[in-house]
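Inspection log for the structure reproduced underneath, given as structure tokens.
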Amino acid sequence: MKKHSARVAPLSACNSPVLTLTKVEGEERPRDSPGPAEAQAPAAGAEAGGRGSRRCWRCSRAQLKKIFWGVAVVLCVCSSWAGSTQLAKLTFRKFDAPFTLTWFATNWNFLFFPLYYAGHVCKSAEKQSVKQRYRECCRFFGDNGLTLKVFFTKAAPFGVLWTLTNYLYLHAIKKINTTDVSVLFCCNKAFVFLLSWIVLRDRFMGVRIVAAILAIAGIVMMTYADGFHSHSVIGIALVVGSASMSALYKVLFKLLLGSAKFGEAALFLSILGVFNILFITCIPVILYFTKVEYWSSFDDIPWGNLCGFSVLLLTFNIVLNFGIAVTYPTLMSLGIVLSVPVNAVVDHYTSKIVFNGVRVIAIIIIGLGFLLLLLPEEWDVWLIKLLTRLKVRKKEETAEGSADPGSGPQSKSRRARPSFAR
């Protein structure tokens, strides 16, 4: 059997998963030894039937297992994303510093590679030292590995985009309710498609253009829902900016780096954490001394909320980036859109949100656009095949139904005729 490996593009903290898998080759089975056809025919038939049923049973078990893991991953993505959003909203009541919160949470990205290596040691049959594993993963950046030039040209831009994505998202939570923020961020998938179509020359799909139009219409309707007030317009603009940065991150990664294996993705995300510590730390310090984001003493900082938010965001990113190992990518994407009703329920009981007709229609339109974007590229071919099979089956059933009444008397008359031996 040929070895195969899943490859995954690391996503921003708020990005939607689009994962690239290598083709899995079929298993080659040894042929049966030759023998008399008459003697082996019944046994071969029974053996083939047994093997077929066993193979079907294994396939169904594997699929059920993957679906089970898929449900678990969906729940994990949904709860961690909705939980981090709500906890950020709660944190801003005591600690009004969105950029500092972004910086603090991004520092936790450093844990990606250590956590990956711990999993590698537990699961892999061929154990490698940290240095060996690090060098192997560094090949992702080229033959020379992770040099200073590569760090600034291939890692630093993504560190900036990561910080902007999270900062704009968190700043928007201060301006508008979490339901609007979470549903508007779902538009990032439409932006990814549009940028991929323009920059990467991806295949044109009419259904995805419709989804992008629905996303834009939803943004306009969401703005209209609050009557175009400056506060809500600024908040919506911040979320759309966050979704755009997330889409740009995704498309640029595919353009410049392609796809990465799990270890390479973990190393890349850890490097973003290192970049954040080395080069972004100065910005919260400047904001503190200029009193843009100021707190009286470090004792007043709600460390529990900050650490809880960081853990939830780290969990979200781990599941989103590495969940492909146990389930389907589409199921993971559903977790993001399912966080919208969760946030809506929480907002209904904790804030003064008004779910008027325009807001509800906007949420439905954006959600529908998101679901349309989850359709695979060859969905139309699959649909035509399905309709063709249904038509063929219907014709066969009709033919069998019309043949049944005439078959009875004919068979009886044939049985009644005597046979004369000569």
Side-chain angles (χ1 to χ4, degrees), residues 3-22 24 66 69-70 72-74 76-77 79-81 84 104-142 145-147 150-151 154-156 158-159 161-163 165-166 249-250 253-254 256-278 307 309-329 331-333 335:
K3 289 185 180 179
H4 64 277
S5 59
R7 299 180 73 82
V8 51
L11 312 172
S12 70
C14 313
N15 211 343
S16 54
V18 181
L19 303 160
T20 309
L21 291 177
T22 56
V24 180
K66 215 166 188 181
W69 276 110
V73 166
V74 165
C76 192
V77 169
S79 57
S80 59
W81 185 233
S84 61
F104 183 80
T106 306
N107 288 340
W108 290 57
N109 277 16
F110 178 76
L111 296 172
F112 267 98
F113 191 73
L115 289 172
Y116 162 77
Y117 183 74
H120 164 75
V121 170
C122 294
K123 289 284 183 182
S124 180
E126 297 177 4
K127 304 284 189 295
Q128 290 181 319
S129 66
V130 180
K131 196 173 182 180
Q132 286 175 327
R133 199 68 194 152
Y134 170 78
R135 282 180 177 175
E136 190 175 319
C137 293
C138 277
R139 291 176 192 168
F140 170 65
F141 296 103
L146 183 63
T147 61
V150 168
F151 179 81
K154 292 189 176 180
F158 294 102
L161 287 173
W162 182 287
T163 302
T165 298
N166 286 280
Y249 173 101
K250 180 67 182 148
F253 187 93
K254 196 172 180 182
L256 298 176
L257 298 170
S259 58
K261 294 179 184 178
F262 291 122
E264 295 164 351
L267 178 63
F268 183 82
L269 292 167
S270 290
I271 289 168
L272 295 188
V274 172
F275 171 82
N276 188 71
I277 294 166
L278 294 176
C307 291
F309 171 77
S310 302
V311 169
L312 285 172
L313 201 58
L314 182 68
T315 305
F316 171 77
N317 282 299
I318 288 171
V319 175
L320 201 63
N321 280 283
F322 305 119
I324 182 69
V326 292
T327 189
Y328 304 102
L331 287 177
M332 294 190 295
S333 298

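Within 6.0 Å of CH2 on W69 lie no more than 12 heavy atoms contributed by other residues, nucleotides or ligands. The environment of F151 atom CZ is dense: over 12 non-hydrogen atoms of other residues, nucleotides or ligands sit within 6.0 angstrom.
In this structure, CG in N107 is found 11.5 Å from CG in L314, a value given to the nearest 0.5 Å. Taking CG from L312 and SG from C76, the interatomic distance works out to 9.5 Å, rounded to the nearest 0.5 Å. The OG1 atom of T147 sits 8.5 Å away from atom NZ of K154, with the distance rounded to the nearest 0.5 Å. With rounding to the nearest 0.5 Å, the separation of OH in Y134 from CG in L267 is 6.0 Å. Atom CD1 of I271 sits about 11.0 Å away from atom CD of E264, to the nearest 0.5 Å. One finds the CG atom of N166 at 11.0 Å from the CG atom of L161 (value rounded to the nearest 0.5 Å).
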Original post:
Could you walk me through whether F268 and L257 pass the side-chain contact (heavy atoms from CB on, under 4.5 Å) check?
Top reply: CA-CA 11 Å; F268 183 82; L257 298 170; 3.7 Å; yes
**OP:** Kindly indicate, with the supporting measurements, whether the criterion side-chain contact (heavy atoms from CB on, under 4.5 Å) is fulfilled by V73 and F322.
**Re:** CA-CA 10 Å; V73 166; F322 305 119; over 6 Å; no
Subject >> Intermediate values then yes/no, side-chain contact (heavy atoms from CB on, under 4.5 Å), N317 and L269 >> reply: CA-CA 10 Å; N317 282 299; L269 292 167; 5.8 Å; no
**OP:** Evaluate the side-chain contact (heavy atoms from CB on, under 4.5 Å) criterion for residues F158 and L256: first the C-alpha distance (whole Å), next the side-chain angles of each, then the deciding distance (0.1 Å), finally the verdict.
**Re:** CA-CA 11 Å; F158 294 102; L256 298 176; 4.2 Å; yes
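Remark: the backbone N or O of N276 is not paired with any side-chain donor or acceptor of T106 at under 3.5 angstrom. Side chain of Y117 to main chain of Q128: a donor-acceptor pair is present (N/O by atom type, distance under 3.5 Å, no hydrogens or angles).
Residues W108 and L313 are not in side-chain contact: their nearest non-hydrogen atoms beyond the backbone lie 4.5 Å or more apart. No side-chain heavy atom of S84 sits under 4.5 Å from any side-chain heavy atom of F316.
Here the closest heavy-atom approach between residue A156 and residue F275 is recorded as CB-CE1, 3.6 Å. Taking each heavy atom of F113 and C137 in turn, the nearest pair found is CE1-SG, 4.0 Å. Taking every heavy atom of both residues into account, A260 and A265 meet most closely at CB-N, 4.0 Å.
Taking the six-membered ring for Trp and the full ring otherwise, Y116 and F262 have centroids separated by 6.0 Å or more.
Looking at E136 and R133, a side-chain N of the basic residue comes within less than 4.0 Å of a carboxylate O on the acidic one, giving a salt bridge.
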